[in-house]
Amino acid sequence: MTQTHESNSSSQDLKHGLKSRHLTMISIAGVIGGSLFIGSGSVIYSTGPAAILAYGLGGLLILFIMRMLGEMAVLNPDSGSFSTYADRAIGRWAGFTIGWLYWCSWALLMGWEAYVAGKILNSWFPLIPIWIYMLAVITTLVLVNLQNVKNYGEFEFWFALIKVIAIIIFLVIGSLAILHLWPWATPTAQGFTNLTSQGFMPNGFSSIITALLGVMFAYIGAEIVTVAAAESDNPAREIRKASNSIVWRIMLFYVGSMFITVCLIPHNNPLLKDATWGTYSVTLTALGVPEARHIVNFVVLTSVCSCFNSALYTCSRMLFSLSKRGDAPKSFGSINSKGSPWMGVLVSCSFAVFAAILTATGSMDVYDIFMLATGTAALYVYLTIACSQLRLRKKLEAEGQKIDFKMWLFPGLTYAVIFTIVGAIIMMLIEGTYFKEVIYTSGLALFIVILGLCAQKFNWGKEQQPELDQEKIPG
């Protein structure tokens with residue numbers, strides 16, 4: 001496949017400093033967020049043991065999304081990932097829209113990650129206010145991302161390793177308790193009793209559908225590896241590996257954790273829906289693990305720092321790609337001597353700094369309104385990936401292009417994913433739980449679409465990028 005000038009430009013400016021072990025852990029860390037340790041508790045509380053099905057079905061959708069994204073990324077690795085592919089498959093306005101919407105969602109999320117980290121640190125050392133901790137976390141991780149990309153890879157490697165070790169320990173202890181081999185467990189936290197004692201699906205099938213809508217957001221971040229792979233020595237190989245391994249990662253980390261929890265803990269335990277406790281804390285406490293809550297809080301702290309680190313990395317690379325395509329100010333593509341898009345890093349942490357200011361003034365609740373505006377951005381990203389793959393694949397097959405890494409059962413399965421996502425958005429509007437998130441996100445997306453259409457129509461920013469040979473671009 002002929003590479004475009006833009007793709008080559010992107011590759012030669014960003015240094016290839018990520019190793020295979022970095023990308024392996026980045027792909028794992030992308031799936032494991034704070035929602036696994038804390039947010040999953042509310043899903044279990046409202047759904048019952050059938051939460052296993054919700055996480056399994058949500059994981060299946062992500063598997064298909066990653067396969068489609070992998071198909072495009074293997075052929076043409078790019079730091080802009082799905083934003084670049086949408087640009088080529090659908091039109092400049094689509095790449096513009098999804099790139100900026102994705103940037104907004106992660107940039108805003110960084111503010112919350114910093115806030116959670118600050119709250120945990122403040123609970124241990126209350127003499128220092130939360131906002132000071134927030135600024136410390138922001139400053140540290142900004143400095144990491146201003147260095148060579150291998151520093152980001154090293155930090156993410158160790159952050160992810162802590163999470164993986166914690167999950168494996170949880171799975172081992174939980175499995176022993178299910179088999180009645182963990183001597184410190186309470187009498188009710190052993191065996192399979194809680195799996196069916198109050199019904200596997202106590203709140204009906206509709207609760208699974210509602211939970212599924214929330215579960216899908218827990219997996220956001222899996223796509224980060226396709227962005228990071230562009231800065232490795234063998235992007236195609238790493239993307240293949242990450243796309244193929246996502247099945248066991250989801251089954252082991254999420255579905256495995258949910259299975260153990262619903263076996264050992266009654267689904268209606270009120271602590272499960274308490275955000276200050278979370279799934280792992282409640283379960284490990286019932287299993288007699290001393291100081292379980294503090295241990296899990298430490299893991300959550302590393303998890304949110306990992307998420308912040310990845311979000312900052314991804315946002316800066318997305319701004320870099322948008323800048324190279326003329327869809328963002330040219331300065332956002334500036335590279336420092338370390339090979340880092342320094343301007344993109346600094347701009348991307350702006351919402352996190354704003355969150356620290358709101359926390360210092362006691363106004364953090366204002367941030368909720370901003371978060372609503374990107375509450376369902378993940379669904380729009382997934383929808384764009386599916387539509388881009390559909391168009392690019394048809395174009396490549398018509399041209400006789402050889403495709404080694406393919407989406408299964410094309411085009412039927414791709415259409416099924418598209419209809420599922422559209423159906424999920426409609427259901428969210430009807431069911432009501434995520435009504436505000438859909439409305440606010442759709443409003444923001446519409447605003448960005450209008451900007452994108454204007455950029456395409458009036459050629460905004462074209463003077464800062466070379467003309468692309470459209471005949472050589474698939475789609």
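This structure is a prediction, so every number in the text was calculated from the model and none was measured.
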How far apart are the closest heavy atoms of R325 and S83, and which atoms are they? NH2-OG, 2.6 Å

Point-to-point distance, once rounded to the nearest 0.5 Å, from NZ of K402 to CG of L75: 11.5 Å

Between the side chains of S20 and K241, does any donor sit under 3.5 Å from an acceptor? yes

Side-chain H-bond candidate by donor/acceptor type, Y434 with T210, under 3.5 Å: no

For the side chain of Y219 and the backbone of Y55, is there at least one donor-acceptor N/O pair under 3.5 Å apart? yes

Hey, what do you get for CZ (F308) to CZ (F159), rounding to the nearest 0.5 Å? 11.0 Å

Donor-acceptor contact present, side-chain E156 to main-chain I26, <3.5 Å: no

From OG (S321) to CG (D78), nearest 0.5 Å: 5.0 Å

Please tell me whether T261 and T279 have a donor and an acceptor in their side chains that are separated by less than 3.5 angstrom. no

Is it true that the side chains of Y152 and E231 contain a donor and an acceptor less than 3.5 Å apart? no

Side-chain donor-acceptor pair under 3.5 Å between T374 and S105, yes or no? no

Cation-pi check for Y254 against R249: NZ or CZ below 6.0 Å from the six-membered ring centre and within 45 degrees of the axis, yes or no? no

Output yes when a side-chain donor or acceptor of S46 lies under 3.5 Å from a complementary backbone atom of V43, and no otherwise. yes

Hey, could you give me the CG/CG distance between D327 and L319, rounded to the nearest 0.5 Å? 11.0 Å

Look at the side chain of R391 and the backbone N and O of A89, then say whether any donor-acceptor pair between them is shorter than 3.5 Å. yes

Separation between CD1 (I265) and CG (L272), nearest 0.5 Å, reads 7.0 Å

Could you tell me whether K150 and E154 make a salt bridge, using a distance below 4.0 angstrom between a side-chain N and a carboxylate O? no

T414 and R393: side-chain donor and acceptor closer than 3.5 Å? no

OH of Y367: more than 12 outside heavy atoms within 6.0 angstrom? yes

Begin with the C-alpha distance, continue with both residues' side-chain angles, and end with the deciding distance and a verdict on salt bridge (charged side-chain N to carboxylate O under 4.0 Å, His left out) for K395 and E399. CA-CA 6 Å; K395 173 75 172 179; E399 294 175 347; 3.4 Å; yes

Is any side-chain N of the basic residue among E238 and K19 closer than 4.0 Å to the acidic one's carboxylate O? no

Do the side-chain N and O atoms of S348 and S316 include a donor-acceptor pair separated by under 3.5 angstrom? no

Taking the side chain as every heavy atom from C-beta outward, state whether K163 and F253 have any pair of such atoms under 4.5 Å apart. no

To the nearest 0.5 Å, how far apart are OG in S306 and CG in L301? 11.0 Å

Does the ring centre of W112 sit less than 6.0 Å away from the ring centre of Y115? yes

Centroid-to-centroid, F370 to F354, below 6.0 Å? yes

Any side-chain donor near an acceptor of the partner, S257 and Y280, under 3.5 Å: yes

